[in-house]
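Single-structure report; data block below.
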2 protein chains.
Amino acid sequence: MTTNLNTFTGEFSYTVDTKGRVNIPAKFRKVLSADNEDTFVITRGMDPCVWVYPVVVWQKIENDLKNLSSLSAINRTFVRNTVRYATPLIYDGQGRIQLTTNLINYAGLDKKTLIIGMVNKIEIWNPERLKEIDKKNMKIDSTAYDDLAEKIII
Amino acid sequence: MTTNLNTFTGEFSYTVDTKGRVNIPAKFRKVLSADNEDTFVITRGMDPCVWVYPVVVWQKIENDLKNLSSLSAINRTFVRNTVRYATPLIYDGQGRIQLTTNLINYAGLDKKTLIIGMVNKIEIWNPERLKEIDKKNMKIDSTAYDDLAEKIII
DNA sequence: ATAGATTGTGGGTAGTTGTGGGTAATAATA
DNA sequence: TATTATTACCCACAACTACCCACAATCTAT
């Protein structure tokens with residue numbers, strides 16, 4: 001029987017339907033603590049994918065943003081770019097969230113998607129893009145990758 | 001009477017049934033400390049086999065992952081590749097875990113499997129594959145093997 | 001040696017999950 | 001304001017999974 005760790009792990013293949021909806025894996029929905037009230041915040045990932053935060057995790061980010069002084073131009077830019085693509089969502093009766101066209105375009109999503117648990121957030125990928133990015137990063141930085149593996153994998 | 005050391009040792013032959021279930025050897029189940037709550041995390045091994053972690057061991061890994069900054073692309077890649085194949089599981093009433101098709105394919109499992117204790121984790125192998133890998137590695141690195149033996153075997 | 005418990009393996013079934021589409025309410029556009 | 005597009009909320013259904021029971025083989029203890 002599968003269970004959960006209150007973190008997001010594993011990958012799942014889903015489809016974005018014609019209305020721009022994607023399923024959130026049932027396993028991930030179960031991971032959400034009650035104080036999330038079934039709410040996520042979706043935004044641009046640093047990679048070309050959609051990041052999906054449970055709302056309480058996102059609120060931590062917002063809180064840190066609040067503490068940045070608006071006197072500094074770079075702070076203002078950072079706050080703007082972090083927040084401008086963020087949309088809070090509740091999933092529907094079938095467990096799906098409605099993506100925005102903006103984010104669908106940014107991540108290049110098209111029918112087949114890969115949803116990946118990233119411990120405290122979720123990523124939604126176009127599988128093709130992920131393959132490219134992965135290859136590129138490993139080429140650039142494979143020694144750094146090996147160092148991480150050596151430190152962390154038991 | 002046999003007893004145990006609270007570590008995983010020994011090898012056992014089991015079958016993956018048509019539903020993708022494998023037994024966890026009763027001895028290994030008894031080794032789990034109470035705080036594991038009968039939960040394992042299965043994931044890709046670095047060899048073509050399935051790695052099975054007791055949940056508390058896995059959580060140590062997750063914790064290290066959480067402390068990696070998402071600003072670095074290689075960090076994101078590492079977290080993603082570490083977590084994306086990981087699935088938490090509880091074994092069923094008969095002591096079996098349900099493998100994912102993804103991992104069955106990765107490890108090339110097919111009916112007969114070899115379950116091997118690896119001190120703090122468990123490996124599930126296709127016996128044929130293990131033989132090949134073993135032979136290959138010994139050929140490449142037999143002097144390194146001897147060095148390790150010299151250091152470690154008393 | 002024998003009875004009882006444990007262990008490994010198989011299969012049935014009810015409930016869950018992913019996916020599609022319909023319709024009414026809301027928002028956007030002309 | 002009238003018309004069109006978008007969104008929210010249903011219902012439907014096939015595929016899959018969790019949970020249950022069964023049973024033979026092995027082990028344990030008296």
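In what follows, every heavy atom counts, from backbone to side chain, and hydrogens, waters and symmetry copies are set aside.
- Checking dG18(C), dG8(C), dG20(C) against the side-chain heavy atoms of Arg29(A) singles out dG18(C) as nearest.
- Side-chain atoms of Arg21(A) stay outside donor-acceptor range of the base of dG18(C), with no qualifying N/O pair under 3.5 Å.
- Atom pair Arg96(A):CZ and dG18(C):P shows a separation of 11 Å (rounding to whole Å applied).
- Note on Lys60(B) versus Asp64(B): salt bridge recorded, some NZ/NE/NH1/NH2 to OD/OE distance being below 4.0 Å.
- Between Asp47(A) and Arg80(B), at least one side-chain N (NZ, or NE/NH1/NH2) sits under 4.0 Å from a carboxylate O, which counts as a salt bridge.
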Verdict with reasoning, Lys66(B) to Asn63(B), per side chain to side chain contact (heavy atoms under 4.5 Å, CB included) | CA-CA 5 Å; Lys66(B) 273 190 211 155; Asn63(B) 225 47; 4.2 Å; yes

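- In this model, no side-chain donor or acceptor of Lys27(A) finds a partner on the base of dG18(C) within 3.5 Å.
- Asp17(B) comes within 4.0 angstrom of sugar-phosphate atoms only, judged by non-hydrogen atoms across all strands, and of no base.
- Among dG20(C), dT9(C), dT17(C), the nucleotide with an atom closest to any side-chain atom of Lys30(A) is dT17(C).
- Spacing between atom CZ of Phe12(A) and atom P of dA15(D) amounts to 21 Å, rounded to whole angstrom units.
- Closest approach to the Lys19(B) side chain among dT9(C), dG20(C), dA18(D) is made by dA18(D) (side chain taken as heavy atoms from C-beta onward).
- Put simply, the side chain of Gln94(B) and the base of dC21(D) share a donor and an acceptor less than 3.5 Å apart.
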